[in-house]
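Scroll down for the structure; my scribbles are underneath it.
Predicted model only: the values in this text are computed from it and were never measured. Computation of the quantities below employed the complete heavy-atom set of this structure, encompassing side-chain atoms and omitting hydrogens, waters and symmetry-equivalent molecules.
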Amino acid sequence: MAMSSEWVSPERDLALELVRTTEAAAMAAARWMGRGDKHGADQSAVDAMRATMDGVQMDGTVIIGEGEKDEAPMLYNGERIGNGQPPHADIAVDPVDGTTLTATGQAGAIAVIAAAERGTMFNPGPVVYMEKIAVGPEGAGIVDIRLPVEKNLRALSKAMGKHVTDLNCIILNRPRHAGIIEEIRAVGSRISLIQDGDVAGAIATARPESGVDILLGVGGTPEGVITAAALKAMGGDMQGRLWPRDDAERELAEEQGYDVEKIIGLDDLISTNNCFFAATGITSGALLRGVNFGHDVVTTQSLVMRGRSGTVRLVEAVHRRSKLEDLEARARKLRKSRGL
């Protein structure tokens, strides 16, 4: 259900409020960097984000979270967040996109959140993976997920004015991508393999300074929805196609009305330009610098975006360590009060 164009007034950028939640999550998760505990990093980020959400003016419903509510202390699908006042929003959230990266101290982990008008955000249902292709503004409308890799790379190189051998393709390092990797190498394009965190990888295609030109391969469907909010603001493009892991998942999706052969574009993932995105670096990577702990202060770097205006802000913040300590205390208290 589309809302009025006055859903958020022109003077108010909701993402500037949402970035406080990703900053909180990033600082909390960064405490666990390299400690080998994915659950500890994720739980701390969730607790910090949830504790900060209450101060954001919105009536938000989590559409993309951690599945249905269970014993896990995650932001779950259907959870209501914000202070309960308008605007009414769909929320997609990943407190740590790159839990393995954080736990092992590798580059590229971020905390992310996206918001859009109520009823405009794609619900992936039972299919947790999708094929993806993402590009920046120069590649928008040029690539097609149905075409062979070689045709897409040659079309993109022509549109960008680059030799095909200069293109940098980012892809998750997974056995399922062996065929795509062979196709890329046959064309002669370069490859950046990542261990985790394809939200950051897809967004990097729209930031020239990242050196990334295209993202290819199968990744999380929820992450695709989050990415769509950012690429709408940045003028990039993305296509997807649901990728059931087995026949049972395919049958369940079809029973629920999903067309697993349909090409899913940006406007299918989020059917409005009135959307917002915020991300904060946890560990330093191509997209954002990670959290840095000083003697008395903590510094963060974030991207803040508004889809309708196309505004993209790089926010560098300095936080007093006492603020982080207060936040952690509030997060523990809130978690205890909810029995999580």
> For the atom pair OG1 (Thr300) and CZ (Arg20), what is the distance rounded to the nearest 0.5 Å?
Replying inline: 12.5 Å
> When you look at NZ of Lys162, are more than 12 heavy atoms from neighbouring residues, nucleotides or ligands closer to it than 6.0 Å?
Replying inline: yes
>> Could you check whether any side-chain N or O of Asp213 sits under 3.5 Å from a backbone N or O of Val135, counting only pairs where one atom can act as donor and the other as acceptor?
In response: no
>> When you group the ILVMFWY residues by side-chain heavy-atom contacts below 4.5 Å and let the links chain together, are Leu216 and Ile263 in the same group?
In response: yes
>> To the closest 0.5 Å, what do you measure between CG (Leu14) and SG (Cys275)?
In response: 11.0 Å
>> If the condition is salt bridge (Lys or Arg N to Asp or Glu O under 4.0 Å), which residues does Asp37 pass it with, not counting sequence neighbours?
In response: none
Please output the side-chain donor-acceptor pairs of residues 290-298 that fall under 3.5 Å, not counting sequence neighbours, one pair per line with the distance.
none

> If every non-hydrogen atom of Ala228 is compared with every non-hydrogen atom of Leu269, which pair is closest and at what distance?
Replying inline: CB-CB, 3.7 Å
> Sub-3.5 Å donor-acceptor pair from the side chain of Thr21 to the main-chain atoms of Leu18, do we have one?
Replying inline: yes
> Do Glu17 and Met58 touch side chain to side chain, with heavy atoms closer than 4.5 Å?
Replying inline: no
> Is there a side-chain contact between Ile81 and Val62 (heavy atoms, below 4.5 Å)?
Replying inline: yes
> Can Arg174 and Val218 be said to form a side chain to side chain contact (heavy atoms under 4.5 Å, CB included), step by step?
Replying inline: CA-CA 9 Å; Arg174 301 288 188 272; Val218 175; over 6 Å; no
> Looking at Arg50 and Glu79, does any basic side-chain N land under 4.0 Å from a carboxylate oxygen?
Replying inline: yes
> Just by distance, do the side chain of Lys262 and the backbone of Leu242 share a donor-acceptor pair under 3.5 Å?
Replying inline: no
> Can you name the closest pair of heavy atoms from Gly98 and Asp196 and give their distance?
Replying inline: CA-OD2, 3.5 Å
> Is Glu254 close to Arg250 at the side-chain level, that is, under 4.5 Å between some pair of heavy atoms?
Replying inline: yes
>> Between Ile91 and Thr61, is there a side-chain heavy-atom distance shorter than 4.5 Å?
In response: no
> Between CG of Leu314 and CE of Met305, what distance do you get to the nearest 0.5 Å?
Replying inline: 9.5 Å
> Do Asp268 side-chain atoms and Gly265 backbone N/O form a donor-acceptor pair below 3.5 Å?
Replying inline: yes
>> Other residues, nucleotides and ligands only: do more than 12 of their heavy atoms fall within 6.0 Å of CZ on Arg146?
In response: no
> Going through the distances and angles, do Gln239 and Val143 end up as a side chain to side chain contact (heavy atoms under 4.5 Å, CB included)?
Replying inline: CA-CA 9 Å; Gln239 292 178 347; Val143 298; 5.5 Å; no
>> Any non-hydrogen side-chain atom of Met238 less than 4.5 Å from a side-chain atom of Thr227?
In response: yes
>> I need the Ile110 CD1 to Ile203 CD1 distance, nearest 0.5 Å.
In response: 5.0 Å
> Sub-3.5 Å donor-acceptor pair from the side chain of Asn168 to the main-chain atoms of Gly211, do we have one?
Replying inline: yes
>> Quick one, Pro95 and Leu75 - any side-chain contact, counting heavy atoms below 4.5 Å?
In response: yes
> Do Val187 and Leu156 belong to the same hydrophobic cluster, where Ile, Leu, Val, Met, Phe, Trp and Tyr are linked whenever their side-chain heavy atoms lie under 4.5 Å apart, directly or via other members?
Replying inline: yes
> Quick one: does Thr299's side chain get under 4.5 Å of Glu316's, heavy atoms only?
Replying inline: no
> Would a distance-only check, ignoring hydrogens and angles, find a side-chain to backbone donor-acceptor pair under 3.5 Å from Thr205 to Val212?
Replying inline: no
>> Just to verify, which of Lys232, Glu117, Arg308 counts as forming a side chain to side chain donor-acceptor pair (under 3.5 Å) with Asn273?
In response: Lys232
> Roughly how far, to the nearest 0.5 Å, is the CZ atom of Phe276 from the CD1 atom of Ile113?
Replying inline: 12.0 Å
> Just by modelled atom types, is the Asp166 backbone N or O under 3.5 Å from a matching donor or acceptor in the Arg190 side chain?
Replying inline: yes
>> Which heavy atom of Thr52 sits nearest to which heavy atom of Ala24, and what is that distance?
In response: OG1-CB, 3.3 Å
>> Any non-hydrogen side-chain atom of Thr102 less than 4.5 Å from a side-chain atom of Lys38?
In response: no
>> So does Pro86 get a backbone contact from the side chain of Asp59, meaning a donor-acceptor N/O pair under 3.5 Å?
In response: no
>> Membership question, hydrophobic clusters at under 4.5 Å side-chain separation (ILVMFWY): are Tyr258 and Val128 in the same one?
In response: no
> Would a hydrophobic clustering, with Ile, Leu, Val, Met, Phe, Trp and Tyr connected at side-chain separations under 4.5 Å, put Ile194 with Ile171?
Replying inline: no
> Which atom pair, heavy atoms only, marks the closest approach of Ala200 to Asp97?
Replying inline: N-OD2, 3.8 Å
> Same cluster or not: are Ile133 and Val164 linked, directly or through other Ile, Leu, Val, Met, Phe, Trp or Tyr residues, by side-chain heavy atoms under 4.5 angstrom apart?
Replying inline: yes
> Is a side-chain donor or acceptor of Asp90 paired with a backbone partner of Ala116 at a separation under 3.5 angstrom?
Replying inline: no
Do any side-chain atoms of residues 178-185 form donor-acceptor pairs under 3.5 angstrom with protein atoms, and if so which ones, sequence neighbours left out?
none

> Quick check: does any side chain N or O of Thr283 sit under 3.5 Å from a backbone N or O of Ala109, one acting as donor and the other as acceptor?
Replying inline: yes
>> Please evaluate residues Tyr129 and Arg176 with respect to the criterion side chain to side chain contact (heavy atoms under 4.5 Å, CB included), reporting the C-alpha separation (whole Å), side-chain torsions for both, the decisive distance (0.1 Å), and the verdict.
In response: CA-CA 12 Å; Tyr129 286 100; Arg176 62 179 178 261; 3.9 Å; yes
> If you look at every heavy atom in Leu252 and Pro126, which pair is closest and at what distance?
Replying inline: CD2-CB, 3.7 Å
> Which distance, rounded to the nearest 0.5 Å, do you find between the CG of Asn123 and the CD1 of Ile63?
Replying inline: 6.0 Å
> Checking side chain to side chain contact (heavy atoms under 4.5 Å, CB included) for the pair Leu16/Arg313: CA distance, chi angles, key distance, verdict?
Replying inline: CA-CA 9 Å; Leu16 289 173; Arg313 292 181 172 92; 4.1 Å; yes
>> So which atom in Leu231 and which in Ala202 form the shortest heavy-atom distance, rounded to 0.1 Å?
In response: CD2-O, 4.0 Å
